[in-house]
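This report refers to the structure that appears directly beneath it.
Letters go in sequence order (proteins before strands), and every chain restarts at 1. What's counted below: heavy atoms across the whole structure, side chains too, no hydrogens, waters or symmetry copies.
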Protein chains: 2
Amino acid sequence: MRYIVHVRQFNVIGLICQVFSVISGHRYISQAAAKIDVDFDYDGPLMKTEVPGPRSRELMKKLNGIQNAEAVHFFCNYEESRGNYLVDVDGNRMLDLYSQISSIPIGYSHPSLIKLLQQPQNLSTFINRPALGILPPENFTEKLKESLLSVAPKGLSQVMTMSCGSCSNENAFKAIFMWYRNKERGHNNVTKEELESCMINQPPGCPDYAMLSFMGGFHGRTLGCLATTHSKAIHKLDIPSLDWPIAPFPRLKYPLEDFVKENQQEEARCLEEVEDLIVKYRKKKKIVAGIIVEPIQSEGGDNHASDDFFRKLRDIARKHGCAFLVDEVQTGGGCTGKFWAHEHWGLDDPADVVTFSKKMMTGGFFHKEEFRPNAPYRIFNTWLGDPSKNLMLAEVIKVIKTEDLLNNATHAGKALLTGLLDLQARYPHLISRVRGRGTFCSFDTPNDATRNKLITIARNKGVVLGGCGDRSIRFRPTLIFKDHHAHLFLNIFSDILANFK
Amino acid sequence: MRYIVHVRQFNVIGLICQVFSVISGHRYISQAAAKIDVDFDYDGPLMKTEVPGPRSRELMKKLNGIQNAEAVHFFCNYEESRGNYLVDVDGNRMLDLYSQISSIPIGYSHPSLIKLLQQPQNLSTFINRPALGILPPENFTEKLKESLLSVAPKGLSQVMTMSCGSCSNENAFKAIFMWYRNKERGHNNVTKEELESCMINQPPGCPDYAMLSFMGGFHGRTLGCLATTHSKAIHKLDIPSLDWPIAPFPRLKYPLEDFVKENQQEEARCLEEVEDLIVKYRKKKKIVAGIIVEPIQSEGGDNHASDDFFRKLRDIARKHGCAFLVDEVQTGGGCTGKFWAHEHWGLDDPADVVTFSKKMMTGGFFHKEEFRPNAPYRIFNTWLGDPSKNLMLAEVIKVIKTEDLLNNATHAGKALLTGLLDLQARYPHLISRVRGRGTFCSFDTPNDATRNKLITIARNKGVVLGGCGDRSIRFRPTLIFKDHHAHLFLNIFSDILANFK
C-alpha cells in the first residue's frame, strides 16, 4: 500500500521557528507554523539532481516522439507528491507555488481525497461516466448543492457544469447571446427565417453579436474564447477570429499609493473606451451582447485594477444592456482570500455570469435566473462535466470550510506579500511592481530573460514558480500554503537574489 | 461493499436459447449466447414503474430549480447498473442501446475497471490531476502507447489529448490552420505585422481561413465547432457564427441495391459542390484550409455515404491542398466493427487528422507528423485531457482486444441489422431506411411524433433507445452488446410494433 498518509502531531519546522518575521540576516521565519498540528505535507524541498534531471530528459524525448513536448518542464511522481510539494521522477522534491497552473486546490494527495477514493460506494462515480444532461446520477443535485452552490456568488442561483475552462466560457457566451436575442425578440416566437438562416451560419438566425474583451485578457483557446483572449500572440497566430471589440485594460503604476491620480485617470480612460466601443460597434450593426473580464488578468501578466474600476464597468454593462461576465477560472476557488475574487468589489448588482474551472476541479458557470436557456438542449453536450469531479469538489469545499482556508489564504498571502515588498526594497533592480490579493501575488522582473533565469534557478533550489505576461512571476500556491511556506520560499529566494548575476 | 461483481459460469439465457434466428411467432433467439461463460451483465430488463418514475420525477423537479432540466430522461442508479443494463432510481432495469449518447465503451461497472480503481497505486492518478502539457506523470507516454497509440489509424503517429469532443475538434481546426499558414508562408519567419494584427483578431495574423463542413453534420457546440455543425437549428440559433462553406451531404435512397445509379449521382453532385465551394470561397479570399466530415452523420440522422464517396472526398482535399479531418467522436471506438469507422473506406492516403472522444473516455486527436505544431504552447490548455481517463482507456482497450469486441460488434450488428430488416419488411409503414455498420444501426420512422412515441413505449418495456435527425432511431449499444441482446431487443420491439396504434 503506497498511499499511507504521513500524519504528524507536531510540525518540526513550526516548533523550531517561533520568531516572527524578518530577523537579522534576512531570514523569514514563521509564527503561524506551530499551529499546524496535523500535516500531510513534507517539511521542505529536497534536491538530488538539476531539474529536469536525467530521467525527466529521457521521458521528454520519448513523449516528443508522439507530440510536441517542448513545453514540458519535467516529469512528475504524483504518487510521492504531497501537500505543497511536487516530487519529480528524479526524486527531487520541490515547494510548488504554481500548483499545475493554479489548478490544485488543497495540495497533492490530500488525505480527504484519498479516503473518498477508497470508499467503495464512490467507485461507480469514477467508472460510469454519464451523459449528465439526460441521465444524471441520483445524487447529482445534492452534490452540486454541497459543492458549487454552497459557494455560489450572491444572486446567482443557477449553475451548469462543463469539462474545462474554455467550454465554460464558450457556453457562457452562448447563454448570453440567447438571453440577448430573447430580449431583442421581446420573447416572441422564433421566425422561420431565423431557423433557416442559422443552419447556414447567417443572420438573423446567427446574429452579429459580440463579446467585448480587454487587451491582455485570457479566456481560453477555443475559437470563441480565443476571440476574447489577447495575452500573447503565440496563442492567436494563424487562427481565424471574429471582429469583436477589444478595450484597453488599465496599466496601473506601482506603488499604488504614489500614483493615485494617474491610476484613476488610467482607469477612467479605459472605461470611456469601453463605452465608445459599444457605441461604435452598434453603429456598424455589431451588437455587444456581453462584456467579459478577469478580476485579475492572470496569463496576461497579473494585471490588477481597482474595485472601483470593476464597479463602474458593471454599471456600464447594465447601462448598455450588456451582460457582465466575470471569468474566475484562475482567480476563483479561494486564493484571493474570498471564494471569488470579484467578491472583493462589493457590487450592488451581482455579475450576470461567473465562469470557473481549475481549482474547482470541474468547469462550469453560475448565472442569474434570467440567463437560463428557454429550452432544453440549448446549453448541452455529451458529458456536461463529470460527476466524479463534483464528488471530489464537494470534499474539497468541505476541507476549505473546515480548515478555514480562505482566511489562511489572506494570512499566508500577507506573509508572502510583505516578504516580496521587502525583497523589492532590497533588490529594486530585479523586483518591481509587487502586487497581490491573498496568495495571488506577483512581481515584475526587468525582462523576459531575467524572469526565466530566476524561475530556473529557483527550481533548482527546490521552488516551482510560474511566469505570466512578458516579464512577471506569478504565485499560485494551493490553499494549504501557509505562512511557513511563504517564509521558506522567501529565504530561498532572498539567497537567489543576493547571488544573482 | 456494494460492488460485488456477479460472475456466472453459464448464461441462463444462452443455455435456454440455442435455436437460430427467427422462428415461428417471430421470436429472435440467439445462437451465440451460449459462448458467454463469464458475464457480469444482468439477464434481462425488469420494470417496476413507468419511466420516469416517481423518484425520478421528484429529482427532476429539484434539479430544475438550479438548471434547465427539461432534457433529463430519468435519474440513474449507476451503482446498480451493470453491463448492458441501466438501472434507474425507481428500480427499473433497462437494456441500454443508447449508452449515454454512445459514450460507454464496455458497459456499466465493468469488473476490469472496478479492479483498476481498487488498486492503490492508481489512486494518485484520480486525485492529483496534472497540467499535462508541462508536468506529465511518469507513465504518461506509456499509457498513451498502451491506449490511444495502440489503436491509432494507419499513418497517424501523433496524438494530443483533450477534455471533450468539442475541444478535440476546436484544437484539430487550430492545428490545421497553423499547418496551412506555414505552408503559405513557405516556413519563413512570422512577420511583425502578423504578430501585431493577431492580437486584435485581424488578418494577416488571424487569416481568413475556413473549414468546409456538410449540411447535416455535427461536430460540437463551441463557437468554432458550431460553425461546422448543421444538424438542428436548436443548436445554432442565436449564436454568432463564421461564413464558412457548407456542402450538401448525400441523401441516399434505400434499399441501396435498388438505387445504385441514383445514389451514385447524388454522391457525385455533392462532391462537385465541395469543389465548387472551395473555388468560390477562394475567389472571395476565404481559404478552405480543411474539410471536416463524419464517417456516418450521427446526430444529423445517421446519414451514410459510400466508401467510394469518402475516398473521392479525400482526393478532392488533397487536390486542393486542404487538410482532411475525419470526426470519429461518435463513430470511433469499435462499434462499426473496425476501431475507426473510416478504416472501412480503404484509403490509400490516410486522413490527415482524426478526432475522438466519447467511448475513448478522453477527447483528443491523431494527426500526421506534418500537422505537429512548430512551437510549444500553440496547442495547449491547462489540463489537456486527464491521465485518469487515459488509465481507464488503456484498460478498456485491453478488454476490447482480449474479448475480441470488434468482431463481436460485427457479429452482433449483423444480428441486429438482420432483425431490423425483417421488422421493416413486416412493418413498412413504421420502419424504413434500415441501415447500419456493425452495431451502429438505425432506421427511420414516418415522423418525429411516431419516433418519440416508439422511444417512450420501448423505454417503458425496458429498452433505452436514442433518436437522431428528425425521425430516426439510432442504436448505440456498448461493445459488449451481444447477439442475444439484439434478439432480446428485437423480441420486445416486434411486440411493440405489432401493437402500435
Under 4.5 Å heavy-atom distance to chain B, tell me which part of A/Ile246 shows up: side chain, backbone, both or neither. side chain

Does B/Asp386 have any salt bridge (charged side-chain N to carboxylate O under 4.0 Å, His left out) partners at least two apart in sequence or in another chain, and if so, which? A/Lys389, B/Arg129

Non-hydrogen side-chain atoms of A/Gln100 and B/Thr382 separated by less than 4.5 Å: no

Between B/Ile239 and chain A, which part of the residue has a heavy atom less than 4.5 Å away: side chain, backbone, both or neither? both

What I want to check is whether the side chains of B/Asn128 and A/Arg82 have a donor and an acceptor closer together than 3.5 Å. no

Considering residues at least two apart in sequence or located in another chain, which fulfil the salt bridge (charged side-chain N to carboxylate O under 4.0 Å, His left out) criterion with B/Glu138? A/Arg55

In terms of heavy-atom proximity below 4.5 Å to chain A, should B/Asp96 be classed as side chain, backbone, both, or neither? neither

Between B/Ile104 and chain A, which part of the residue has a heavy atom less than 4.5 Å away: side chain, backbone, both or neither? side chain

Less than 4.5 Å to any heavy atom of chain B: does that hold for the side chain of A/Arg372, its backbone, both, or neither? side chain

Please identify, among A/Gly133, A/Pro376, A/Gly165, the residue contributing the most non-hydrogen atom pairs under 4.5 Å to chain B. A/Pro376

With a 4.5 angstrom heavy-atom cut-off, is it the side chain or the backbone of B/Val190 that approaches chain A, or both, or neither? side chain

Can you check whether A/Ala227's main-chain N or O pairs, donor with acceptor, with B/Asn201's side chain at less than 3.5 Å? yes

To the closest 0.5 Å, what do you measure between CD1 (A/Ile234) and CG (B/Leu195)? 8.5 Å

Looking only at atom types and distance, does a side-chain atom of A/Arg378 sit under 3.5 Å from a main-chain N or O of B/Lys236, one as donor and one as acceptor? no

Write down the atom of A/Ile134, the atom of B/Ala71, and the distance for their closest heavy-atom approach. CG2-O, 3.4 Å

Contact origin within B/Ile176 toward chain A - heavy atom pairs under 4.5 Å: neither

Tell me, out of A/Asp243, A/Val159, A/Leu59, A/Ile200, who's got the most heavy-atom pairs with chain B below 4.5 Å. A/Val159

Taking side chain as C-beta onward, heavy atoms only, is B/Leu242 less than 4.5 Å from A/Pro240? no

Mark yes or no for whether B/Asp238, through its side chain, and A/Phe177, through its backbone, hold a donor-acceptor pair below 3.5 Å. no

Quick one: what part of B/Tyr98 sits under 4.5 Å from any heavy atom of chain A, side chain, backbone, both or neither? side chain

Of all heavy-atom pairs linking A/Ile66 and B/Thr141, the shortest is CD1-CG2, 4.0 Å

Separation between OG (B/Ser109) and CG (A/Leu123), nearest 0.5 Å, reads 9.0 Å

I need the minimum non-hydrogen distance between A/Ser163 and B/Trp383, along with the two atoms involved. O-CZ3, 3.6 Å

Spacing of CD belonging to A/Glu170 relative to CG belonging to B/Leu226, to within rounding of 0.5 Å: 9.0 Å

If you tally heavy-atom pairs under 4.5 Å against chain B, which of A/Pro130, A/Gly224, A/Pro204, A/Ser157 wins? A/Pro130

Given B/Ala375, B/Pro387, B/Ala210, the one with more heavy-atom pairs under 4.5 angstrom with chain A than any other is B/Ala375

Side chain, backbone, both or neither: which part of B/Leu116 has an atom under 4.5 Å from a heavy atom of chain A? neither

Top residue by heavy-atom pair count (under 4.5 Å) with chain A, among B/His367, B/Glu142, B/Arg185? B/Arg185

Below 4.5 Å from any heavy atom of chain A, which atoms of B/Leu86 appear? Answer side chain, backbone, both or neither. side chain

4.5 Å side-chain heavy-atom contact, A/Arg221 and B/Ile379: no

Please check this pair: side chain of A/His230 against backbone of B/Met199, looking for a donor-acceptor N/O pair closer than 3.5 Å. yes

Can you tell me which of A/Tyr209, A/Phe173, A/Tyr180 forms the most heavy-atom pairs within a distance under 4.5 Å of chain B? A/Tyr209

Could you check which of B/Met361, B/Glu196, B/Glu194, B/Glu184 has the highest count of heavy-atom pairs closer than 4.5 Å to chain A? B/Met361

To the nearest 0.5 angstrom, please state how far the CD1 atom of A/Ile114 sits from the OG atom of B/Ser124. 8.0 Å

Who among B/Pro137, B/Ala69, B/Ser99, B/Cys164 has the most heavy-atom pairs with chain A under 4.5 Å? B/Pro137

Is there side-chain contact between A/Ser166 and B/Asn381, with heavy atoms separated by less than 4.5 Å? no

Check the surroundings of atom NZ in B/Lys62: do more than 12 heavy atoms from other residues, nucleotides or ligands lie under 6.0 Å from it? no

Would you give the length of the straight line joining atom CE of B/Met162 to atom SG of A/Cys167, rounded to the nearest 0.5 angstrom? 11.0 Å

So, the side chain of A/Gln158 versus the backbone of B/Gly65: is there a donor-acceptor pair under 3.5 Å, distance only? yes

Please report whether the ring centroid of A/Phe126 lies less than 6.0 Å from that of B/Phe126. yes

Region of B/Met215 that comes under 4.5 Å of a non-hydrogen atom in chain A: side chain

Does any part of the side chain of B/Thr125, heavy atoms only, come nearer than 4.5 Å to the side chain of A/Tyr78, both counted from C-beta? no

Of the backbone (N, CA, C, O) and the side chain (C-beta and beyond), which part of B/Met392 lies under 4.5 Å from a heavy atom of chain A, both, or neither? side chain

B/Phe380, part contacting chain A, at a heavy-atom distance under 4.5 Å: both

About how many Å separate CZ of B/Phe74 and CG of A/Leu135, when rounded to the nearest 0.5 Å? 5.0 Å

As an exercise: rank A/Asn139, A/Leu132, A/Thr229, A/Asn64 by heavy-atom pairs under 4.5 Å with chain B and give me the winner. A/Asn64

Within the structure provided, determine whether A/Leu223 and B/Thr222 are in side-chain contact (heavy-atom separation under 4.5 Å). no

Is B/Ser231 close to chain A through its backbone or its side chain, or both, or neither, when contacts mean heavy atoms under 4.5 Å? backbone

Contacting moiety of A/Gln202, where chain B heavy atoms sit under 4.5 Å: side chain

Counting heavy-atom pairs under 4.5 Å to chain A, which of B/Met60, B/His235, B/Lys145, B/Met178 comes out on top? B/Met178

